[in-house]
Amino acid sequence: MNQAPPKGINPESIAKHFDPGAAESRWSAYWDAHKFFRSTPDDREPYTVVIPPPNVTGVLHMGHMLNNSLQDVLVRKARMEGYNTCWVPGTDHASIATEAKVVQKLRAEGIKKSDLSRDEFMERAWEWTHEHGGVILQQLKTLGASCDWDRTRFTMDEALSEAVIETFVKLYEDGYIYRGMRMVHWDPVAQTALSDEEVIYKEQQGHLYHVRYAFADDPTSTLTIATTRPETIMADVAIAIHPDDPRAATWVGKQVHVPLTDRTIPVIADEYVDPEFGTGCLKITPAHDPNDYEIGQRHDLPILDIISATGHIVLEGSPFDGLDRFEARKAVAAALEDEGVLEKTEELVNQVGTSERTGVVIEPRLSLQWFCRMEEFAKPAIEAVKKGDIRFHPAKFENTYFHWMENIRDWCISRQLWWGHRIPAWNVKGDTESMFVARTAEEALAKAQASHPRGGSLTLGDLQQDEDVLDTWFSSWLWPMSVFDGVTKPDNEDITYYYPTQHLVTAPEILFFWVARMIMAGYYFRGEAPFKDVVLHGIVRDKKRQKMSKSLGNSPDPLELIAQFGADGTRFGMIFSTPSGNDILFDEALCEQGRNFANKLWNAFRFLMLKRPSGGDGAVAEGAVADGADAASEISTGAASPAIQLDLEPISLVDRYMLERLRQTVKNTHQAFQDARLNDALHEIYTLLWDDYCDWYIEVLKPADVEASIEPAQWSRAMGTFEAMIRLLHPFMPFITEELWHTMQERVEGESLTVAAFPTLNEVGEPSEAHVIGDFGRVQGLITFIRNTRASLGLSPKHPLEVTIQAADADSESFWGHQKPLIEKLGHECTLTAAIDAAKPDASRSTLVGDERCFIPLEGLIDVDAEVSRLQKEIQRLEGFQKGIQKKLENPKFVASAPEEVVAKERKKLEDSTQSLDAYRTMLDELHA
RNA sequence: GGGCGCAUAGCUCAGUUGGUUUAGAGCACCUGCCUUACAAGCAGGGGGUCGGGGGUUCGAAUCCCUCUGCGCCCACCA
C-alpha cells in the first residue's frame with residue numbers, strides 16, 4: 001500500500017521548490033491502489049465520458065495531451081461533485097493506419113503483404129498490436145488521466161467486434177446497407193477504397209494538354225479537347241460539348257477518331273460541360289472520372305477500364321501496357337506529340353485528391369463496394385442539435401454540422417484491407433451474385449440452403465466470405481454504446497446506467513467522421529443521444545501556426561515536457577491558453593508558466609506552514625490581523641495545530657475581502673464549466689490564488705515580528721481558505737493539490753482530494769459584499785500610491801513616508817482609522833494620518849484615493865515642475881472626459897431618448913468627475929503656492 | 001464555386017442584450033529590488049481608438065452595408 005507523506009511534517013523541511021516527479025508517481029500509485037477511478041453502477045447519478053480512442057499502436061502526441069487534459073478536468077470535477085464518475089479508456093484498431101505500419105514493418109523484413117496469407121498477415125498484425133498496443137494509455141496515466149482503467153476496451157475486442165457484426169447485419173436487414181458499383185476514391189498503394197473524408201485535396205502544378213481529334217467523316221477537320229490526364233485517352237468513349245455551344249449544332253452526332261487508337265466515338269451534348277473552360281470540349285472516360293461516369297450513365301455510354309488496382313495501364317498489345325499511370329502520362333503525351341495531334345500544353349494549377357494515409361494521388365475507380373444509406377439517420381441527429389438536446393461548445397460548430405448533415409451522402413463502408421472487422425457476407429463459390437449476410441458462416445449457410453438454387457446440398461466449404469473489412473469508423477460510431485456492450489446486450493446494467501454519456505471532448509477535425517456518426521448511431525440503436533455536450537478544442541500548432549506533426553519535427557515530446565515541468569505544469573500550460581474551439585499556439589513557455597504557478601502555490605503553502613502556530617484549537621479569540629502574533633511560537637514536529645477551517649463570518653476587512661473573492665471565483669468557475677470554458681475557469685482560480693491570496697492576503701498576514709507565527713484563529717482561517725482553493729484547483733492540477741492537501745493536516749489512509757467536495761456556492765455562499773471589494777480597493781489604491789511614489793522617485797522601498805489623507809467625512813475618517821495598521825504594514829515604514837481637517841503638508845506629492853485627497857510630503861525630493869505636469873496631465877484627462885459627457889447631456893435628443901437611468905448615470909459621472917477635477921485643481925494651486 | 005467564421009496592445013485572447021468613469025487579461029517588454037514563503041520571485045511602469053470606408057442611433061469595439069486580409073468546412077472544373 002502506498003502511504004501518504006509522513007505525518008506531523010516538520011515545516012522547516014519543506015523544500016523551497018516543488019518537486020513534481022516524486023509527488024506524481026506517489027499519488028498515481030495511491031489513486032491506483034485505492035481505486036478512486038473505478039466505477040460500477042450504484043444509486044448515485046452517473047457521469048460518463050468515453051475517451052476518443054487513440055490508435056492502438058500510436059504514441060502520445062500534443063493533441064492527445066490537450067484532449068485528455070480537458071477530459072480529465074471535467075471528469076475530476078464531476079467526481080468531486082459526487083457523481084458516480086466513469087471515464088472509459090480504450091484504443092482504436094485504426095484499420096488503414098495500423099495495416100500500413102504492419103506492411104511497412106514486414107517490408108523492412110523483406111516480406112511483401114502478398115507473400116502472406118490473410119491469416120498469416122493477421123497473426124503478424126496482432127503481434128504488432130500486442131507489442132505496441134496500449135503504450136499510449138500508459139502514457140496517459142503519466143498525465144494524470146483518471147480513467148477507470150479496468151474498463152479499457154479495444155475496438156477489435158471480441159465483444160466490440162461482435163457489436164460491429166450485429167450492427168452490420170441489422171442495418172442490412174433493415175435495408176440501410178447495400179452493395180453497388182460505384183466510382184470510389186481508390187488508393188493504389190494501399191489498394192483500397194477511401195471515404196470522401198479520407199481524401200485530402202492538394203494544389204498541384206499540372207499541365208493542360210490540348211489534343212486534336214479528327215472527325216471520322218472528314219479527317220481534315222478536327223476538334224480540340226483539353227485534358228490533364230492524356231493517359232486516359234485510350235479509354236475515351238465520347239466527346240461532350242455544351243448544348244448551347246454554337247458548335248454543338250453541327251458536331252453533335254458526328255463521330256471522331258480517338259488518337260493512338262483505331263476507335264471512333266460520338267460527340268454528345270451535355271450541360272455539365274463548361275464552355276469557358278479549356279476548349280469547351282470534354283473527353284469522356286467513364287471508368288476514370290466521377291463526372292464522366294455520371295455523364296456516361298446519362299448517355300448510356302460503354303465503360304472502358306484501362307487502369308489497374310495498382311495504378312498501371314492495362315491495355316494488351318499497346319506500347320503503354322503495364323506502365324505506371326504517371327509514366328504513361330508522359331509517354332502518351334510524347335506519342336500525341338509525335339502524331340502531331342498535341343496542339344499545345346498549358347501550365348495549370350489544379351486540385352488533386354490525395355490519400356490521407358499514404359499520400360498518393362487518388363485514382364477514381366469503379367468497384368463493387370458496400371454502402372450505408374445515411375439520409376434517414378441524419379434527421380433525428382439534426383433535430384437533436386436544433387432542439388438543444390446536444391450542445392456544441394463552442395456553438396459555432398453547429399453551423400458546420402448542419403451543413404454537412406443536410407447534404408449527407410451514402411457512406412462507403414468497405415475497405416480492401418485485412419486489418420479490421422471482416423464484412424459478414426458470404427457468397428456461394430462460383431456464384432458471385434449470391435450474397436448472404438449473417439452473423440456467422442453457419443447462419444449464412446442456413447440462409448443459403450434456404451434460398452440458393454443449390455439449396456440443401458451446400459456445405460460450409462461452398463461458401464466464401466467477402467474479402468473486405470469495414471471502415472474503422474464503422475466500429476467507432478458505436479463506441480459510446482459498445483464499450484458498455486450496449487449493442488449486443490441492450491438491456492445490461494452498465495449501458496442502462498451509464499448511457500447516455502455527458503461530455504464528448506474531441507477536435508472539430510473529426511466532427512463528421514466520428515461525432516455526427518455517433519449521434520446518428522445513438523438515435524438509431526437506442527433512440528437517444530450518445531452524449532449531451534460536445535466540447536470541441538483546437539489543433540495544437542507551433543508558434544508559426546504550423547500543425548504539430550512528426551514529419552515536421554516541431555512537436556515536443558509530451559513525456560519530456562512532463563519530466564521537465566511536471567504533469568501539473570504541462571496540464572496548466574495546455575489548458576490555460578486554449579480558448580475554447582480555437583487552435584492553441586503551443587510554446588514551452590506555457591508549461592513553464594504552469595510550473596511557476598505550481599511553485600507559487602507550493603510556497604504560499606510553505607509560508608503558512610512556517611508560520612503555523614503551535615498548539616491551539618482554532619478557537620482562539622479574534623485579534624486584529626495586523627497586530628501580529630504575540631510570542632514567537634515554536635514549530636515542532638507533530639505538535640497539534642489549529643483546525644483548518646473556512647470561516648464564513650470573518651471580521652477583518654482583508655478576511656472579508658478574501659472570502660468575497662473566493663465566492664466570486666466559485667461562482668465564475670461554475671459558470672465557466674457550464675459553458676465549457678475551462679481556460680476561463682482556470683484563469684479565475686489562477687488570479688484568485690496569485691493576485692488576491694499571495695500578493696495581498698499573505699502580505700497582510702505576515703506578522704510584524706519576523707520570528708512570530710500567525711495568530712491561531714487567523715491561521716485557521718487562512719489555511720481554510722487555502723484548502724478551499726486547492727479543491728477548486730484540483731481538477732486542473734491534481735498532483736500538487738493532492739500533495740498539499742495531505743501535507744496540510746493528517747489524513748487517514750484512503751482519504752483523497754480526488755473524492756473531496758468541489759467548492760460550491762452552497763458551501764461558501766453567494767458573493768454578497770460588493771462594498772468589501774470596494775473598501776479593500778481603497779486600501780489597495782493607497783498602497784499602490786505609496787509604492788509608486790517611492791518607485792518613481794527612485795527611493796528605497798523602505799524610505800520612511802508620512803501619508804496624510806483629508807477624509808471626506810466622519811465615516812471615512814473612522815474607516816482609515818481602522819485601516820491604519822494595515823496601511824502602515826503594507827506601506828513599509830510609513831505613518832498614516834487621516835482626518836477631516838488634516839492639514840496639507842508642504843512640498844508634497846498628492847493624489848486622489850477614491851475621492852479623497854492624499855498627500856505625501858517629500859521636502860527636497862520632488863521636482864515641483866514634474867509634479868505640476870503630472871497633475872496637469874490628470875486634469876487634462878478629466879477635462880477631456882467631462883467634455884464628452886457634457887456634449888451628451890447638452891444634446892436634447894440624448895436627454896429625451898436615452899433611458900432615464902443612463903442619463904442619471906451620466907449626470908453622476910459628471911458630478912463625480914467635477915469633484916475630482918476640483919480636487920486636482922486645488923492640489924495644483926497648492927503646489928504653486 | 002457554395003457555406004460558415006474571424007480581424008481589439010509585440011503575441012494569444014476577453015469584452016455578455018449598443019450606454020459603470022475615452023477598452024481588459026495573460027505572456028512579452030522597460031525600471032528598481034535577493035523586502036519576514038517563492039528571483040520558478042517582489043514592486044512599479046509604458047503600450048491599443050478596437051482592419052479600411054460608409055450607414056443606423058442621442059450614443060457603436062458592440063447592429064447593418066461594403067472593401068481588404070485571414071481561417072475553416074463542403075463541392076471539386078476537365
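Predicted model only: the values in this text are computed from it and were never measured. Per chain, numbering begins at 1; letters A, B, ... match sequence-line order.
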Q: Can you check each nucleotide of nucleotides 5-16 of chain B against protein heavy atoms at under 4.0 Å and return B for base, S for sugar-phosphate only, - for none, in 5' to 3' order?
A: S------SS---

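Note on A:G880: a base of the nucleic acid sits closer than 4.0 angstrom, heavy atoms only. Using a 4.0 Å heavy-atom criterion, one finds that A:I698 contacts the bases of the nucleic acid, with or without backbone contacts as well. A:F397 comes within contact range of no nucleotide atom at all, as no heavy-atom separation falls under 4.0 Å. A:C694 comes within 4.0 angstrom of a base, heavy atoms only. A:E592 comes within 4.0 angstrom of nothing in the nucleic acid, heavy atoms only. Counting non-hydrogen atoms under 4.0 angstrom, A:N788 reaches the backbone sugars and phosphates but no base. Using a 4.0 Å heavy-atom criterion, one finds that A:H828 contacts no nucleic acid atom at all. Using a 4.0 Å heavy-atom criterion, one finds that A:T784 contacts the sugar-phosphate atoms exclusively. When heavy atoms are screened at a 4.0 angstrom cut-off, A:P899 is found touching base atoms of the nucleic acid. Note on A:R595: a base of the nucleic acid sits closer than 4.0 angstrom, heavy atoms only. As judged by a 4.0 angstrom heavy-atom cut-off over every strand, A:V903 is placed among residues making no nucleic acid contact.
Atom C1' of B:rA39 sits at a distance of 10 Å from the matching atom of B:rC33, rounded to the whole Å. Spacing of P atoms, B:rA23 relative to B:rC6, comes out at 24 Å, to the nearest Å. With P as the reference atom, B:rA7 and B:rA14 are 8 Å apart, rounded to whole Å. Separation of the P atoms belonging to B:rA75 and B:rG24 is 45 Å when rounded to the nearest angstrom. With C1' as the reference atom, B:rG71 and B:rC13 are 16 Å apart, rounded to whole Å.
When each of A:H537, A:K547, A:R541 is tested with A:D583 by the rule side chain to side chain donor-acceptor pair (under 3.5 Å), just one qualifies, namely A:R541.
Side-chain N/O atoms of A:K600 and base N/O atoms of B:rC38 include a donor-acceptor pair closer than 3.5 Å.
Checking B:rG44 for Watson-Crick or G-U wobble geometry (two distances, each under 3.5 Å) identifies B:rC30 as its partner. Base pairing analysis places B:rU57 opposite nothing; no Watson-Crick or G-U wobble pair with both distances below 3.5 Å involves it. Across every strand in view, B:rC4 sits in a pair with B:rG71 that passes the Watson-Crick or G-U test at under 3.5 angstrom. In this entry B:rU16 has no Watson-Crick or G-U wobble partner, no candidate having both defining distances under 3.5 Å.
Between the C1' atom of B:rA75 and the CZ atom of A:F512 lies a distance of 13 Å, rounded to the nearest Å. Here B:rC76 presents its P atom at 7 Å from CG of A:N291, a figure rounded to the nearest Å. Taking atom CG of residue A:N603 and atom P of nucleotide B:rU36, one finds them 14 Å apart after rounding to whole Å. To the nearest angstrom, P of B:rA37 lies 13 Å from CG of A:L608. Going from atom CG of A:L795 over to atom P of B:rA43 covers 18 Å, rounded to whole Å. Separating the NZ atom of A:K893 from the P atom of B:rG19 is a distance of 21 Å, rounded to the nearest angstrom. Spacing between atom CZ of A:R790 and atom P of B:rG44 amounts to 12 Å, rounded to whole angstrom units. Per the geometry, CH2 belonging to A:W404 stands 12 Å off C1' belonging to B:rC73, to the nearest Å.
Pairs engaging residues 886-896 of chain A under the salt bridge (charged side-chain N to carboxylate O under 4.0 Å, His left out) rule: A:K888-A:E906 [sequence neighbours left out].
Under the 3.5 Å distance criterion, with hydrogens and angles disregarded, no donor-acceptor pair is assigned to the side chains of A:H242 and A:E271. With 3.5 Å as the limit, one finds a donor-acceptor pair spanning the side chains of A:T285 and A:D292.
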Q: Could you walk me through whether A:E346 and A:H207 pass side-chain hydrogen bond (donor to acceptor under 3.5 Å, both in side chains), step by step?
A: CA-CA 5 Å; A:E346 284 178 344; A:H207 302 283; over 6 Å; no

**Q.** side-chain hydrogen bond (donor to acceptor under 3.5 Å, both in side chains) evaluation trace for A:Q882 with A:S913
**A.** CA-CA 7 Å; A:Q882 280 207 333; A:S913 60; 3.0 Å; yes

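Of all heavy-atom pairs between A:I823 and A:I786, the closest is CG2-CD1, 4.1 Å.
By the stacking rule of 5.5 Å between ring centres and under 30° between planes, A:H17 stacks on the base of B:rA40.
An OP1 or OP2 oxygen of B:rC42 is reached within less than 4.0 angstrom by no side-chain nitrogen or oxygen of A:W696. For the OP1/OP2 pair of B:rC27 and a distance below 4.0 Å, the side-chain nitrogens and oxygens of A:Y686 include at least one atom meeting the criterion. Phosphate proximity of B:rU20 to A:K909: present, with a side-chain N or O under 4.0 Å from OP1 or OP2.
Side-chain atoms of A:R409 lie closest to B:rC76 of the nucleotides B:rC76, B:rG41, B:rA37. Candidate nucleotides B:rG19, B:rA78, B:rC27 were compared by shortest atom distance to the side chain of A:E906, and B:rG19 ranks first. If you check B:rC74, B:rG44, B:rC58 against the side chain of A:H403, the one that comes closest is B:rC74. With B:rU20, B:rG26, B:rG19 as the candidates, the nucleotide lying closest to the side chain of A:V902 is B:rG19.
Closest-nucleotide positions on RNA chain B for A:K798 and A:I885 were compared, and the one nearer the 5' end corresponds to A:I885. In terms of position along RNA chain B, the nucleotide closest to A:R541 lies nearer the 5' end than the nucleotide closest to the other residue of the pair A:T279 and A:R541.
Partners of A:E829 by salt bridge (Lys or Arg N to Asp or Glu O under 4.0 Å), not counting sequence neighbours: none found.
Residue A:K396 qualifies as enclosed at atom NZ: its count of foreign heavy atoms under 6.0 Å is above 12.
Checked against the 6.0 Å centroid threshold, A:Y686 and A:F572 count as a close aromatic pair.
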